[in-house]
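Letters A, B, ... are given to chains in the order of the sequence lines, protein chains preceding strands, and every chain is numbered from 1.
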There are 2 protein chains.
Amino acid sequence: MALEHAILVSLLEKPGSGYELARRFERSIGYFWTASHQQIYRVLKRMESDGWVEVRDVAQYGRPDKKEYSVAGRGRDALSAWLNEPTEPESVRHDLAVKVRGAAFDDPTALISQVERHRQAHTDRLTHYLAGETRDFGDPPPDGRLDAERELQHAVLRGGIAYERMMIAWLDDVLATLARLDTGR
Amino acid sequence: MALEHAILVSLLEKPGSGYELARRFERSIGYFWTASHQQIYRVLKRMESDGWVEVRDVAQYGRPDKKEYSVAGRGRDALSAWLNEPTEPESVRHDLAVKVRGAAFDDPTALISQVERHRQAHTDRLTHYLAGETRDFGDPPPDGRLDAERELQHAVLRGGIAYERMMIAWLDDVLATLARLDTGR
DNA sequence: CGTTGCTATGCAACAAAGTGCATAGGAAGA
DNA sequence: TCTTCCTATGCACTTTGTTGCATAGCAACG
């Protein structure tokens, strides 16, 4: 259970509605923590009844009204407690890795197009990240001093960039391996 | 739903009992697909009733008897179908990344020990992988020809190695960032 | 002989996540 | 006006995953 905490962090960075959170989970945050809007609304309900967040109805013109959530004191405490409790290294789920090993028992060359699709998805993400890095962290902060929020967001983004580069290189490795198997030898 | 498929691949590589599968999921396969023994037994039951796998009772001496599972024709077909259906890039869950961003709203330096713990876990895994690589792929295959199963397993292992190296480098980056924030500046 | 530990299998209850569907206001264009 | 799209919120159902517990054979040790 940590979707709660991801939401808390996002709301601390900037309060917003369930819908806005869902959009953030599609872009920046979603690259290291995924969640659908249904999940987010459900968890927000629970967080509200637990007193972790506060709601404010916001009337909007030209679009439906929204509920803006922000972090309450109890939410901050919960986040603090979670931050200080040790977390185990994440459990990984790479279905493509399963497929690569499984391809040995089917047609390995048939996997090439799928690996290429994944490679494309990862290069797209990398491009997206690099654009975001230039946009958000290209210039030093106006006041020249170290801003923890900004520095840590940048560190996480650098992690995303490193991850995508690693994946692209590995997928190239897999493609080379599949090609080698194809020429038979 | 892909635990089924991970199990099929594992059983194709080598038939075995639920217990043995659980142990494999703790080591090699578990590094890119995790599953507990309870899950495995439950899914094996379903796979058996769907005719994906076949069971054979094996009497053992010096230890309890076991049920050895192997892949049936329908299981092979199911695997083949899954291999050929496009899969979306994996959903990632990096709680440490959430924590790094969250640390901006708490005490960033308190996170250092946790990052170090993760770094240690990843170096341990890397060592484990590299030892496995030397053991299993150190010498060329005796007959000198390309074995798809072996080559693809090696490719997946190389992916694991690349992942751990990337993570260690990123965690060092995070540690440097946290240290920079600590000295204040 | 009792305890501990490893192999081996499984159930039950619960929590979390995913899938599908529904509703509703308003903008933009055919 | 009708359709389509975007914003905004949510329920119901199903599938997965987690946690805790239970059983049982056999070996090794004190």
Rounded to whole Å, CD1 of B:Ile40 lies from P of C:dA8 at a distance of 14 Å

note: B:Arg23, atom CZ; C:dA8, atom P; distance rounded to Å ~ 9 Å

Heavy-atom nearest pair, B:Phe32 first then A:Ala97, reads CD1-CB, 3.5 Å

Taking donor-acceptor contacts at under 3.5 Å, does the side chain of A:Gln60 reach the base of C:dG26?
no

Of B:Pro64 and A:Ser36, the one whose closest nucleotide on DNA chain C sits nearer the 5' end is B:Pro64

Between CD1 of B:Ile7 and P of D:dT16 the distance, given in whole Å, is 12 Å

Practice problem: May I ask you to decide if B:Asp136's main-chain N or O and B:Arg150's side chain share a donor-acceptor pair within less than 3.5 Å? | Solution: yes

Closest to the side chain of B:Gln38, out of C:dC11, D:dT18, D:dC11, is C:dC11

Taken to the nearest whole Å, OH/B:Tyr61 to C1'/C:dT7 is 17 Å

Here the distance between atom P of C:dG18 and atom CG of B:Leu3, to the nearest Å, is 15 Å

Base, sugar-phosphate, or nothing: which does A:Gln39 touch, judged by heavy atoms less than 4.0 Å apart?
-> sugar-phosphate

Side-chain contact check for A:Lys45: nearest option of C:dA8, D:dG17, D:dG10 is D:dG10

*asked:* With heavy-atom distances below 4.5 Å as the criterion, would you say the side chains of A:Glu85 and B:Gln114 are in contact?
replied: no

Out of D:dT7, C:dA17, D:dT16, minimum distance to the side chain of B:Arg93 belongs to C:dA17

Worksheet item: Are OP1 or OP2 of C:dT7 and a side-chain N or O of B:Ser17 less than 4.0 angstrom apart?
Response: no

Under-4.0 Å side-chain N/O to phosphate OP1/OP2 contact, A:Tyr19 with D:dT9: no

Nearest heavy-atom approach of A:Ile29 to A:Ser10 is CD1-OG, 3.1 Å

Query - Residues B:Lys67 and B:Glu20 bridged, charged N to O under 4.0 Å - result: no

note: A:His37, atom NE2; C:dA24, atom C1'; distance rounded to Å ~ 13 Å

note: B:Lys67, atom NZ; C:dT7, atom P; distance rounded to Å ~ 19 Å

Open item on the list: Between D:dT18 and B:Arg42, counting only base atoms on the nucleotide and side-chain atoms on the residue, is there a donor-acceptor pair under 3.5 Å?
Closed with: yes

A:Arg63 CZ to C:dA28 P, in whole Å, measures 11 Å

